[in-house]
Protein chains: 2
Amino acid sequence: MTNSDTSDGSHLMSIAAVERDCGLPKDTLRVWERRYGFPNPLRDRHDERMYPADQVATLRLIRRLVEAGHRPGKVVGRSDEDLSELLRQVGVPAVQVIGAEARQVLELLGACDAAGLRDVLHATVLRDGLGAFAAEIGPGLAEAVGAAWSRGELEIHQEHLFTEQFTTVLRSAINAAQGAGLPRRRPRVLFSTFPQEPHSLGLLMAEAMFTLEGCLGISLGVQTPIPEIAAAARAHKADILAISFSSMIPALQALAGLNELRALVPETVEIWAGGACPGLRPKPGVSVLRALSAIGPAVTAWRAREDEGSTPE
Amino acid sequence: MTNSDTSDGSHLMSIAAVERDCGLPKDTLRVWERRYGFPNPLRDRHDERMYPADQVATLRLIRRLVEAGHRPGKVVGRSDEDLSELLRQVGVPAVQVIGAEARQVLELLGACDAAGLRDVLHATVLRDGLGAFAAEIGPGLAEAVGAAWSRGELEIHQEHLFTEQFTTVLRSAINAAQGAGLPRRRPRVLFSTFPQEPHSLGLLMAEAMFTLEGCLGISLGVQTPIPEIAAAARAHKADILAISFSSMIPALQALAGLNELRALVPETVEIWAGGACPGLRPKPGVSVLRALSAIGPAVTAWRAREDEGSTPE
DNA sequence: TGGCATATTTGTCCAGGACAAACATCTGGA
DNA sequence: TCCAGATGTTTGTCCTGGACAAATATGCCA
C-alpha cells in the first residue's frame, strides 16, 4: 500500500509513479535496470527504488524514441545529448508537408494561447465545414501535433491543451449538426474505445462523420471494457460498433480485442474499426476503415444492404 | 511480450487482460490467489494463469464490493449469490434522499435511453440555470449514479453513457456562458487532475462555476503529470490551479501530489483542491473547497485580496 | 530483389518473501 | 458519552532472479 507518488523534498519518485508518468510498466523498468544498467535509481531505507527527477526525464525521452521505432537496447543508457539528437531526426520528414493550418496551430500552441487556438479551430470548422474538418483537417492537425511532441517541440501540457480545445470545438459542432433538422435514422452506431485506449479525438471525429450521414450515434466514451461494449450493443440494439484505435496501441492487442468482441456480439451487428493504428487489418466480421472519409460511402453501402435484405421478402 | 488479451475459443483471459478488464493489478490477483484461494485460474502449457470468464465476472462483483468499503478478506472466495446479496445492501441508505431528478435519470439509464437522458439534463440546465446545475444538481446526480452502480443496478456501460451525456450537456452550457457577453477577467484559472485521476466530471463542474464568475479558465483535461501542471502554470501565467479529486483516489496520494505541486510553483500561484475525496485537508498554500458552491465566494475573496494588494502602492 | 530459416532482443510472467500503510479494535481520560 | 491515542490485523505493493515466447533483426538461397 505504499504508494507515495513522490518524495517530499528531493523529488524522488517511486516505481509506481514512474510507471504512470512515463508509461513504462514496472517490470520493464526493472528489467532495463538489470540489463542495461539504466535507470539506476536510489534505494530508500526499505530497499525500494526511488527515481531521481533527471532519470525520469531521460526515461521520457527514451520512451519517445522507442515509440518511434528505436530499439531499447540501442538507446537505453545513452546520454541525454545523444537522445535529443536522435529525437530531432524523428518525424522530421513530416515537417515538409505540414499545412498552413497546422503551422498556425503549432505556433499558437507554442505560445500557449488557448483562446486563439479555439478561435482558429472554430473558424476552420465554419469555413470548411464539419465534414472536411473531421475527415481531413482534424487528423492532419492531430498528426502534426503528435509529431511535434515526439520531436520534443511541445510539452505534454501543450498537447493536453490542444486535445481539450479541439474537443470543445468539435463537440459543439457535432451538437449543432445534430440539432439541425436532418432526420436521424439507422444505422444505429455505438462508439467507444478499448480499455487500453484513452484517446478520444479519433472517436469524436468518427462521431462527427456518422452524424453528418444522419446516423443514430451513441457514444460510450473511451476505455469501455470489451464485455461492456457487447452488453451495450444489446441494450441499445446497435447496428454497428465503431471502435477507434490510436497509433499508440499495439496492433496485436487491438486485433485480439476485436476477436473477443466479435465473439460476444451476434453476427448481425457489424464491427467497424478505424484509426491510426498501423497493423489494423480486416478479418471476418470486422471491417477496417482506413480513413474517416470512408465512413460516408460505408454508411451508404450499409443502408443499401439493409434495404436489399428487407425488401425481398 | 505475450499479451494475448483473451484466448481463442474457450474464453480464457491472461492476467494482463484481467487486470485491464477488472481494474485489479496483477500483483493483487496473484496475492489473492495465494491467500484466499480465489481466483483459481487454469494454467496454459507454459504455466501462465488463464482466467475462465465466470471467475472474471465474479472478480468484477468483488471489485465493486471492495470499492464500496468491504474488506477483501471478507468477500473474496464467497459465492456469487452471497456477493450479489451484499451488493444489494450497498448504498441503500442513499435511496431515501434521492431526488425526483435522480430517479428519472436512473430510470432513463436503466432503459439505455441516451436521447431522453440528454433531453432531461438539458431541460434541467435551462430550468434551474447553469449555476444550480453544476453546483447542486450535477453532484447529486453523479453520486446517485455512482451509488446505483455500486449497488449493481447499473452496468459499467450505463455509467459511461451517463458520463458522456452529462459531459455533452454541461460543456455546451459552458460554451454558451462563455459566449454570453460577460467580460472575462482575472483570476486566470488552470484546471486539471493528477495522473491517477481519470474522472472529468468534477473538473467540468468546477469549470462551469469559475466561468460563471467571469474568470479566465483554461482546462488541460484530466491526468496531467504534476511537473507538467507546474510548467503550464508558468506558461499560462495562472493565478489559480484548480485540481479535482474524485472519491476513488486515496487521500494520501492526493496530499502527496499537492505537496509536490506546491513545491514546483511560486507562492503567488494559489492551489485550490476540491472534489468528493474524503481525506482532503487544507495545508499551507493549498485551499480546499468542500463544495462547488464555495467557488463563487472564494473568487470574490481572491479579487478583493488582489485589489488590496495592488492599490496601496 | 524478395521469401524463408535462424539468431537476438525484449517484454511479460512466475514464485514466494517482506514490509508499511490502511484499517479495525481496544484503552484511558475529559 | 465520546474522542484521542496505542495496539493488532489486514492488505497492496515491492523485491529478486529466473524463464520463455513474441517481436525484430540477420543470414541465406533462389
Side-chain angles (χ1 to χ4, degrees), chain A residues 1-5 7 12-20 22-38 41-51 59 62-63 65-77 196 250-256 278-279, chain B residues 1-5 7 12-20 22-36 38-39 41-51 62-63 65-77 196 248-256 277-279:
Chain A
M1 272 176 203
T2 76
N3 208 351
S4 56
D5 271 19
S7 103
L12 295 171
M13 295 171 73
S14 73
I15 194 170
V18 176
E19 173 179 45
R20 274 196 311 274
C22 302
L24 296 166
K26 297 189 242 284
D27 271 326
T28 300
L29 289 169
R30 286 193 274 254
V31 88
W32 280 7
E33 182 180 342
R34 203 194 309 168
R35 288 187 186 144
Y36 315 120
F38 184 90
L42 310 175
R43 299 299 179 118
D44 68 2
R45 131 189 63 95
H46 184 55
D47 232 31
E48 304 199 340
R49 292 171 173 80
M50 299 301 284
Y51 295 81
L59 283 170
I62 293 172
R63 167 135 201 270
L65 287 171
V66 169
E67 253 179 25
H70 284 82
R71 308 220 58 187
K74 307 287 179 186
V75 292
V76 176
Q196 317 90 307
L252 267 157
Q253 280 190 29
L255 294 173
Chain B
M1 273 177 202
T2 76
N3 207 351
S4 57
D5 272 17
S7 103
L12 295 172
M13 295 169 73
S14 73
I15 194 170
V18 176
E19 172 179 47
R20 276 196 312 272
C22 302
L24 295 166
K26 296 188 243 284
D27 272 326
T28 300
L29 289 168
R30 284 194 274 255
V31 87
W32 280 7
E33 182 181 340
R34 200 196 312 168
R35 287 185 185 145
Y36 317 120
F38 184 90
L42 311 174
R43 298 299 180 118
D44 69 1
R45 126 192 67 95
H46 185 54
D47 232 31
E48 303 198 342
R49 294 171 173 79
M50 298 302 284
Y51 295 81
I62 293 173
R63 169 139 199 267
L65 287 171
V66 169
E67 254 181 24
H70 284 82
R71 313 234 37 197
K74 307 287 178 186
V75 292
V76 176
Q196 316 90 311
M248 267 195 51
I249 216 169
L252 268 156
Q253 279 191 29
L255 294 172
C277 184

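Only this structure's heavy atoms are used, side chains among them; waters, hydrogens and symmetry mates stay out.
B:H46 has its NE2 atom 6 Å from the P atom of D:dA21, to the nearest Å. The distance between atom CZ of B:R71 and atom P of C:dA21, rounded to the nearest whole Å, is 16 Å. B:E48 has its CD atom 12 Å from the P atom of C:dT12, to the nearest Å. Atom P of nucleotide D:dA19 and atom CG of B:D47 are separated by 14 Å, given to the nearest angstrom. To the nearest angstrom, C1' of C:dA22 lies 17 Å from NE2 of B:H70. What separates CD1 of A:I15 from P of C:dT12 is a distance of 13 Å, to the nearest Å.
Out of D:dA19, C:dC19, C:dA15, the shortest distance to the side chain of B:R43 is found at C:dA15. With C:dC13, C:dT10, C:dA24 as the choices, the nucleotide that has an atom nearest any side-chain atom of A:R35 turns out to be C:dT10. Here the side chain of B:R49 is nearest to one of C:dA15, C:dA18, D:dC15, namely C:dA15.
Shown here are the salt bridge (charged side-chain N to carboxylate O under 4.0 Å, His left out) partners of A:R43, two or more places apart in sequence or in another chain: A:E33. Evaluation of the side-chain contact (heavy atoms from CB on, under 4.5 Å) rule for A:F38 yields A:Q55, A:T58, A:L59, A:I62, A:V76 as partners, not counting sequence neighbours. In terms of the side-chain contact (heavy atoms from CB on, under 4.5 Å) criterion, residue partners of A:R35 (sequence neighbours excluded) are, by chain and number, A:V31. Considering only residues two or more places apart in sequence or on other chains, A:D27 meets the side-chain contact (heavy atoms from CB on, under 4.5 Å) condition with A:R30.
The residue among A:R34 and A:E19 whose nearest nucleotide of DNA chain D is located toward the 5' end is A:E19. Between A:R45 and A:K74, the residue anchored nearer the 5' end of DNA chain C, judged by the nucleotide with its closest heavy atom, is A:K74.
The CD atom of B:E19 sits 11.0 Å away from the CE atom of B:M13 when rounded to the nearest 0.5 Å. The distance from atom CD of A:E48 to atom OG of A:S14, rounded to the nearest 0.5 Å, is 8.5 Å. Between the OH atom of A:Y51 and the CD1 atom of A:I15 there is a distance of 4.0 Å, given to the nearest 0.5 Å.
End-to-end axis angle of the helix from C:dT1-D:dA30 to C:dA30-D:dT1, using five pairs per end and rounding to 10°, comes to 40°.
Remark: A:Y36 is not in phosphate contact with C:dT9, judged by side-chain N or O atoms under 4.0 Å from OP1 or OP2.
Each of A:L29, A:V66, A:V18 was checked for a side chain to side chain contact (heavy atoms under 4.5 Å, CB included) with A:L24, and the lone residue meeting it is A:L29.
For the contact set between residues 23-33 of chain B and DNA chain C, defined by any heavy atom under 4.0 Å, the members are B:K26, B:R30.
Looking at heavy atoms from C-beta onward, B:L12 lies in side-chain contact with B:L42 at the 4.5 angstrom threshold.
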